[in-house]
Enquirer: 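Could you have a look at this structure, given as structure tokens, before my questions?
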Amino acid sequence: MVALAAALSAGCAGPEHKFGRGVGNVFEIVRHGEARRNVEQTALIYGPEVGYTTGFVTGLNRTLARTGVGIYEVVTFPFPPYGPVATDYLAPNPVYPDNYRPALVEDSLFATDTNLGFSGGDVFPWLPGCRFRIFDTH
């Protein structure tokens with residue numbers, strides 16, 4: 001009975017954050033943020049011929065590592081500890097190249113426009129790397 005009371009009084013913010021972080025990391029294999037960032041950073045430091053080869057391999061390695069960490073966090077989200085793991089190798093949150101920062105999707109859910117009757121947004125938000133936006137007001 002005491003264990004049940006302790007479990008219920010602990011709250012659920014820790015497991016929620018761990019599960020959300022895990023789901024975000026699992027989809028790194030689709031998002032390719034680590035690969036794009038490593039290609040960019042390696043090309044800036046060592047040159048484009050190294051960036052497209054070594055940077056891609058390093059990015060692929062980090063993508064697979066982040067996906068593995070995400071699977072671990074999704075499977076173990078109900079159990080403590082709730083802090084990020086493998087932070088000496090990976091940033092706790094997904095990374096993006098320095099030349100791209102994601103923005104809130106222009107959608108009527110987030111930015112309604114009663115004067116025009118519609119809102120703008122990403123042309124192909126489901127397409128990785130698509131950065132073309134119309135009516136970007138944020």
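Every value quoted in this text rests on a predicted model; they were computed, and no experiment measured them.
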Enquirer: As a test of understanding, state which of Ile71, Val95, Val26 forms a side chain to side chain contact (heavy atoms under 4.5 Å, CB included) with Arg66.
Expert: Val95

Enquirer: Side-chain heavy atoms nearer than 4.5 Å, only ILVMFWY residues, links allowed to pass through others: does that put Val75 and Val69 together?
Expert: no

Enquirer: How many angstroms lie between atom OH of Tyr82 and atom NE2 of His17, to the nearest 0.5 angstrom?
Expert: 12.0 Å

Enquirer: Between Arg21 and Phe77, is NZ or CZ placed under 6.0 angstrom from the six-membered ring centre and within 45° of the ring axis?
Expert: no

Enquirer: Would you give the length of the straight line joining atom CG of Asn99 to atom CD of Glu40, rounded to the nearest 0.5 angstrom?
Expert: 4.5 Å

Enquirer: Could you pull out the closest heavy-atom pair between Thr63 and Ala35, with the gap in Å?
Expert: OG1-N, 3.7 Å

Enquirer: Between Glu73 and Lys18, is the closest basic N to carboxylate O distance under 4.0 Å?
Expert: no

Enquirer: Quick one: closest heavy-atom pair of Gln41 and Asp98, and the distance?
Expert: NE2-OD2, 3.1 Å

Enquirer: Regarding Arg37 and Glu34, does a basic nitrogen lie under 4.0 Å from an acidic carboxylate oxygen?
Expert: no

Enquirer: Short question: side chain of Thr58, backbone of Gly55 - any donor-acceptor pair under 3.5 Å?
Expert: no

Enquirer: Could you check whether any side-chain N or O of Glu28 sits under 3.5 Å from a backbone N or O of Leu64, counting only pairs where one atom can act as donor and the other as acceptor?
Expert: no

Enquirer: Using side-chain heavy atoms (C-beta onward) and a distance below 4.5 Å, is Val74 in contact with Phe19?
Expert: yes

Enquirer: Tell me if the OH atom of Tyr89 is crowded by more than 12 foreign heavy atoms within 6.0 Å.
Expert: yes

Enquirer: Looking at every non-hydrogen atom in both residues, tell me the closest pair between Pro97 and Gly33 and how far apart they are.
Expert: CD-O, 4.3 Å

Enquirer: Any chance CZ of Phe56 has more than 12 other-residue heavy atoms, nucleotides or ligands included, within less than 6.0 Å?
Expert: no

Enquirer: What's the spacing between Asn25 CG and Asn93 CG if we round to 0.5 Å?
Expert: 8.0 Å

Enquirer: Could you report the tightest heavy-atom contact between Pro92 and Thr87, atom names first, then the distance?
Expert: CG-CG2, 4.1 Å

Enquirer: Do you reckon Val30 sits in the same ILVMFWY cluster as Val23, going by side-chain contacts under 4.5 Å, direct or chained?
Expert: yes

